[in-house]
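Quick notes on the structure that follows.
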2 protein chains.
Amino acid sequence: MTIHISDSAQREGFKPCAHDYQVNCGNCRLNSICLPLALESDDIAQLDEIIQRSKPLQKGQHLYREGDDFQSVFAVRSGSIKAYKTTDDGREQVTGFYFPGEILGMDGISKNQHASSAKALETAAICEIPFASLEKLSAVMPSLQRHFFQLMSREITDDQVLITLLSKNSADERVAALMLSISTRNARRKLSATQFRLPMSRVDIGNYLGLTVETVSRVFSRMQKMEILKVDNKEIEILDLEGVRAMANVTS
Amino acid sequence: MTIHISDSAQREGFKPCAHDYQVNCGNCRLNSICLPLALESDDIAQLDEIIQRSKPLQKGQHLYREGDDFQSVFAVRSGSIKAYKTTDDGREQVTGFYFPGEILGMDGISKNQHASSAKALETAAICEIPFASLEKLSAVMPSLQRHFFQLMSREITDDQVLITLLSKNSADERVAALMLSISTRNARRKLSATQFRLPMSRVDIGNYLGLTVETVSRVFSRMQKMEILKVDNKEIEILDLEGVRAMANVTS
DNA sequence: ATGAGGCGTTGATGTGAATCAACGTCCCCG
DNA sequence: CGGGGACGTTGATTCACATCAACGCCTCAT
């Protein structure tokens with residue numbers, strides 16, 4: 001089977017490797033997040049076949065860059081990734097953070113070129129899913145086709161949530177909402193919903209939320225003073241989930 | 001063939017109708033926008049088969065509402081549609097405007113429920129594409145499958161552009177960028193890139209761009225004073241395209 | 001050990017857009 | 001014909017967040 005890797009990935013050392021990580025979709029702890037489909041184990045084997053695992057990405061390395069040829073979408077197996085676009089005037093807009101079990105790179109399909117860049121926030125293991133193979137397999141596996149339509153749709157609805165957050169909510173609400181989002185996604189991976197380490201810097205948070213570093217920092221301080229959140233550098237503890245929800249102004 | 005219509009569409013009068021509008025994908029003036037695929041005429045006939053045309057939606061009527069069962073995606077044939085979400089606290093966030101040839105409703109796939117509402121800004125003719133049929137057809141028509149993946153990906157990249165606009169740009173830049181976007185989309189339909197009528201209200205524009213009506217109005221006034229735009233209520237004329245580009249702060 | 005550079009926090013000041021308010025226009029309906 | 005309501009504009013004031021500035025704490029290279 002031909003192996004496809006994007007240019008920048010190749011540049012920075014994302015290489016398929018012979019080393020057996022003893023991981024496959026069938027035994028992957030994350031498959032309920034990554035592949036929530038009623039796949040026959042036979043189907044999973046086929047999917048496994050096209051997925052390429054590789055040696056981990058180091059902090060700061062790029063998985064792909066805006067403008068790179070689009071060949072694959074990627075699933076995060078461990079670590080975390082930030083996706084971002086560069087604006088006309090050279091500034092950076094963070095468009096998303098991706099944690100284990102989550103899939104990124106789908107924005108590249110439309111123009112056959114990645115529409116954003118993706119960079120490791122910490123050491124990260126990645127599964128590469130060549131899109132051409134995925135398309136072929138989808139045509140014969142209706143549940144896989146459906147799953148990918150759903151994944152892309154999910155990305156759209158997530159973006160709409162961010163649009164609303166940026167357009168309608170205060171700095172307090174935005175930061176609180178991000179904390180809740182990370183908490184929820186942690187819980188989905190059977191990790192603590194109340195204690196976690198933020199892999200991204202304050203700059204990245206501000207950039208994602210349309211705020212300056214200073215504002216993010218002040219919101220954290222305020223939340224500490226209110227005793228709804230404990231912040232120790234990147235270590236976060238949610239002390240009062242209801243309080244954080246109230247600050248985020250969400251009903252759910 | 002079974003006919004699927006969403007609940008709210010049914011409530012408000014979106015009904016398939018026997019009247020022959022003498023429209024099909026093969027002869028539709030918009031097909032280069034809506035279906036930019038190398039489809040055999042045979043394929044187009046098959047696609048035509050599943051698409052349902054109906055009597056036009058009147059201004060203010062809903063095509064679907066947030067929470068409705070997801071059955072179909074929709075293509076605009078004439079008129080225009082606004083898509084919006086309702087926030088927890090009851091406010092409205094406009095997530096997009098859709099013009100002839102454009103496709104909406106794909107955000108409903110992920111949860112099998114529409115994630116936003118869609119309402120006619122003026123009388124609008126719509127093609128309904130039942131998603132179940134589309135999925136089946138996609139499995140046997142690779143170019144159609146590819147096309148839909150691309151459409152969804154396009155929606156993602158468009159949302160990312162809006163995210164960046166909301167997060168990084170001033171009121172002037174946002175309004176100018178919207179004018180350019182409408183201008184470009186008009187040109188794609190072989191209409192004037194410099195003169196057009198805005199189908200949406202100032203409230204909708206503000207809501208989409210994360211601004212108040214007053215601010216939108218002031219930006220328009222400013223653009224008039226600068227003589228780069230002529231505004232007469234909803235009638236817009238771009239007097240100086242480069243000037244508008246400069247205001248939007250875009251290089252392209 | 002040392003100092004430079006990245007990252008985060010806090011305080012003082014400035015500003016762009018929100019808010020509040022008033023008014024004009026258009027259109028529909030009694 | 002008149003009035004109520006939706007929509008748009010413009011001006012005065014306020015305010016949330018950006019900006020500017022200073023400083024503390026790491027870490028890492030010399």
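Residue numbering restarts at 1 for every chain, and letters A, B, ... go by the order of the sequence lines. Just the heavy atoms: all of them, side chains too, but no hydrogens, waters or symmetry mates, feed the values below. Being a predicted model, the structure only gives us computed values, none of them experimental.
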_Looking only at the side chains, is there a donor atom on one of Asp89(A) and Thr87(A) sitting less than 3.5 Å from an acceptor on the other?_
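Side-chain D/A pair, Asp89(A) to Thr87(A): present.
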
*Should Glu235(A) and Arg197(A) be marked as a salt bridge (charged side-chain N to carboxylate O under 4.0 Å, His left out) after you check the CA-CA gap, both sets of side-chain angles, and the distance that decides it?*
CA-CA 4 Å; Glu235(A) 296 296 335; Arg197(A) 181 183 166 77; 3.3 Å; yes

Tell me the interatomic distance from [X], atom [atom1], to [N], atom [atom2], rounded to whole angstroms.
{"X": "Ile205(A)", "N": "dT9(C)", "atom1": "CD1", "atom2": "P", "answer": "9 Å"}
{"X": "Asn207(B)", "N": "dG8(D)", "atom1": "CG", "atom2": "P", "answer": "13 Å"}
{"X": "Lys234(A)", "N": "dC26(D)", "atom1": "NZ", "atom2": "C1'", "answer": "12 Å"}
{"X": "Asn233(A)", "N": "dT27(D)", "atom1": "CG", "atom2": "P", "answer": "9 Å"}
{"X": "Arg202(B)", "N": "dA6(D)", "atom1": "CZ", "atom2": "C1'", "answer": "14 Å"}
{"X": "Leu209(A)", "N": "dA16(D)", "atom1": "CG", "atom2": "P", "answer": "18 Å"}
{"X": "Ile236(A)", "N": "dG8(C)", "atom1": "CD1", "atom2": "P", "answer": "11 Å"}
{"X": "Asp232(B)", "N": "dC26(C)", "atom1": "CG", "atom2": "C1'", "answer": "13 Å"}

Testing [options] one by one against [X] for a side-chain contact (heavy atoms from CB on, under 4.5 Å), which residue passes?
{"X": "Glu122(B)", "options": "Pro199(B), Pro56(B), Ser78(B)", "answer": "Pro199(B)"}
{"X": "Leu229(A)", "options": "Asp240(A), Leu239(A), Ile236(A)", "answer": "Ile236(A)"}
{"X": "Leu166(B)", "options": "Ile163(A), Leu162(A), Thr164(A)", "answer": "Ile163(A)"}
{"X": "Lys168(A)", "options": "Glu92(B), Lys85(B), Arg91(B)", "answer": "Arg91(B)"}

*Phe99(A) vs Asn186(A), side chain to side chain contact (heavy atoms under 4.5 Å, CB included): CA-CA, chis, key distance, verdict*: CA-CA 9 Å; Phe99(A) 295 115; Asn186(A) 253 29; 5.7 Å; no

*Please confirm whether the backbone N or O of Leu211(A) pairs with a side-chain atom of Thr215(A), one donor and one acceptor, at under 3.5 Å?*
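The answer is no, because no donor-acceptor pair under 3.5 Å joins these two groups.
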
*Assert yes or no for the condition that the ring centre distance of Tyr64(A) to Phe74(A) is strictly below 6.0 Å.*
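Centroid distance Tyr64(A)-Phe74(A): below 6.0 Å, so yes.
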
*Near DNA chain D, which residues from residues 210-224 of chain B have a heavy atom under 4.0 Å away?*
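Result for residues 210-224 of chain B: Glu214(B), Ser217(B), Arg218(B), Ser221(B), sorted by number.
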
*asked:* Near DNA chain D, counting only heavy atoms under 4.0 Å, which residues of residues 161-180 of chain A show up?
replied: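 Correct list: Ser170(A), Ala171(A).
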
